[in-house]
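Every chain is numbered from 1 and lettered A, B, ... according to where its sequence line falls, protein lines coming before strand lines.
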Protein chains: 2
Amino acid sequence: MGLTKTAIFSDTQNEISVFAKVIGHPARVAILEQLFKIDSCICGDFVSEIGLAQATISQHLRELKQMGLIKGTIEGTSVCYCIHRENWTKMKKVMTQFLDQDLSEDSCC
Amino acid sequence: MGLTKTAIFSDTQNEISVFAKVIGHPARVAILEQLFKIDSCICGDFVSEIGLAQATISQHLRELKQMGLIKGTIEGTSVCYCIHRENWTKMKKVMTQFLDQDLSEDSCC
DNA sequence: TTTATTTATTGCAATATTACGATTAATATC
DNA sequence: GATATTAATCGTAATATTGCAATAAATAAA
């Protein structure tokens with residue numbers, strides 16, 4: 001099939017997995033890291049920094065934009081991208097809550 | 001293509017994305033949540049709890065095991081699964097470091 | 001030994017993802 | 001206006017993922 005059965009899972013479970021999925025590609029990780037490192041907008045320098053074709057980068061940027069993690073502003077012929085702070089914070093909260101789960105000592109084999 | 005070009009990314013970038021990818025499916029999120037909730041091993045109760053076929057669950061368990069997030073111990077005819085605490089902690093560290101990045105105020109558009 | 005019970009594996013079909021060349025659209029610059 | 005420059009989109013190919021039925025393997029119970 002290839003089609004995830006989202007209906008049988010809770011909203012939170014789906015939310016966690018969707019957030020994780022968007023981080024689940026090194027190119028998107030690299031894009032986000034660059035935006036944090038520069039600590040401002042980046043206008044079109046992704047293609048030269050990351051070794052992927054322009055069309056491919058554009059596709060990854062679209063996915064990040066669709067998930068709301070970045071936003072782009074048109075600036076003449078180029079587009080300036082930056083982190084969407086509110087949404088990043090929201091994702092951080094959701095993911096951290098999941099990751100921070102813990103077990104009591106020696107609870108299992 | 002469909003083949004991620006891991007070679008052009010850093011080890012850290014690949015590590016983050018691989019960890020995220022394994023969390024990137026609600027069934028695997030559900031399995032992990034159950035293990036944390038029960039706070040001990042689970043022997044074969046996944047299929048009844050999650051609404052997916054036995055073969056599918058087994059496949060997801062294998063992926064989690066391959067990533068080292070869970071470990072299984074054979075217990076007669078059934079297998080008891082539990083969280084691999086050390087590896088979970090390691091993943092938490094890697095992911096948290098990535099998620100905790102922050103921007104200075106008003107750094108962008 | 002025969003018969004459950006339980007999990008892993010295999011084989012398959014359907015959908016998703018990744019990547020890129022080519023093209024399009026939009027604005028700058030000449 | 002004609003020509004660059006930049007980013008998005010389209011089309012396509014290759015690989016990955018998801019899901020399940022059927023089967024295999026391994027142990028427990030009768």
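With sequence neighbours excluded, no residue forms a salt bridge (charged side-chain N to carboxylate O under 4.0 Å, His left out) with A:Asp45. For A:Ser10, the side-chain contact (heavy atoms from CB on, under 4.5 Å) partners at least two apart in sequence or on another chain are A:Thr12, A:Gln13. Taking the ring pair (Phe, Tyr, Trp, His ring centres under 6.0 Å) definition, one finds that A:His60 meets it with A:His25, sequence neighbours left out. Every residue two or more places apart in sequence or in another chain was checked for a ring pair (Phe, Tyr, Trp, His ring centres under 6.0 Å) with A:Phe46, and none qualifies. Evaluation of the ring pair (Phe, Tyr, Trp, His ring centres under 6.0 Å) rule for B:Phe98 yields A:Trp88 as partners, not counting sequence neighbours.
Taking the side chain as every heavy atom from C-beta outward, B:Leu99 and A:Leu99 approach each other to under 4.5 Å. Taking the side chain as every heavy atom from C-beta outward, B:Phe9 and A:Val29 never approach each other to under 4.5 Å. Residues B:Gln101 and A:Leu35 are not in side-chain contact: their nearest non-hydrogen atoms beyond the backbone lie 4.5 Å or more apart.
Against DNA chain C, the stretch residues 13-20 of chain B makes no heavy-atom approach under 4.0 Å. Of all the residues in residues 21-36 of chain A, A:Lys21, A:His25, A:Arg28 reach under 4.0 Å from DNA chain C with at least one non-hydrogen atom.
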I'd like a table of atom pairs between the protein and nucleotides 27-30 of chain C - only N or O on both sides, under 3.5 Å - with the distance next to each one.
none

Polar pairs (N or O, both sides) under 3.5 Å between protein and nucleotides 20-23 of chain C?
{"from": "C:dC20", "atom 1": "OP1", "to": "B:Lys5", "atom 2": "NZ", "distance (Å)": "2.4"}
{"from": "C:dC20", "atom 1": "OP2", "to": "A:Ala53", "atom 2": "N", "distance (Å)": "2.9"}
{"from": "C:dC20", "atom 1": "OP2", "to": "A:Thr56", "atom 2": "OG1", "distance (Å)": "3.1"}

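Clustering ILVMFWY residues whenever any of their side-chain heavy atoms sit less than 4.5 angstrom apart, transitively, puts A:Ile57 in a cluster other than the one holding B:Leu3.
Among the protein residues, B:Thr4 comes within range of the sugar-phosphate backbone only, with heavy atoms under 4.0 Å from sugar or phosphate atoms but none that close to a base. In this structure, A:Ser58 reaches the bases: a heavy-atom distance under 4.0 Å links it to at least one base atom across the strands shown.
Of the two residues contacting DNA chain C, namely B:Arg62 and A:His60, the nearest-nucleotide position lying further toward the 5' end is that of B:Arg62. Of the two residues contacting DNA chain D, namely A:Val79 and A:Phe9, the nearest-nucleotide position lying further toward the 5' end is that of A:Val79.
Side chain of A:Ser58 to main chain of A:Gln54: no donor-acceptor pair is present (N/O by atom type, distance under 3.5 Å, no hydrogens or angles).
A sub-4.0 Å separation between OP1 or OP2 of C:dT6 and a side-chain N or O of B:Tyr81 is absent.
Residue pairs meeting the salt bridge (charged side-chain N to carboxylate O under 4.0 Å, His left out) criterion with at least one member in residues 56-68 of chain B, sequence neighbours excluded: B:Arg28-B:Glu63. Within the structure, salt bridge (charged side-chain N to carboxylate O under 4.0 Å, His left out) pairs that include any residue of residues 13-27 of chain A comprise A:Glu15-A:Lys90 (at least two apart or interchain).
If you walk DNA chain D from 5' to 3' and mark each nucleotide with an atom closer than 4.0 Å to a heavy atom of chain B, the marks span D:dA13 to D:dA28.
Atom-to-atom distance recorded for A:Ile23:CD1 and B:Ile16:CD1 is 8.5 Å, nearest 0.5 angstrom.
Within 6.0 Å of CD1 on B:Ile8 lie more than 12 heavy atoms contributed by other residues, nucleotides or ligands.
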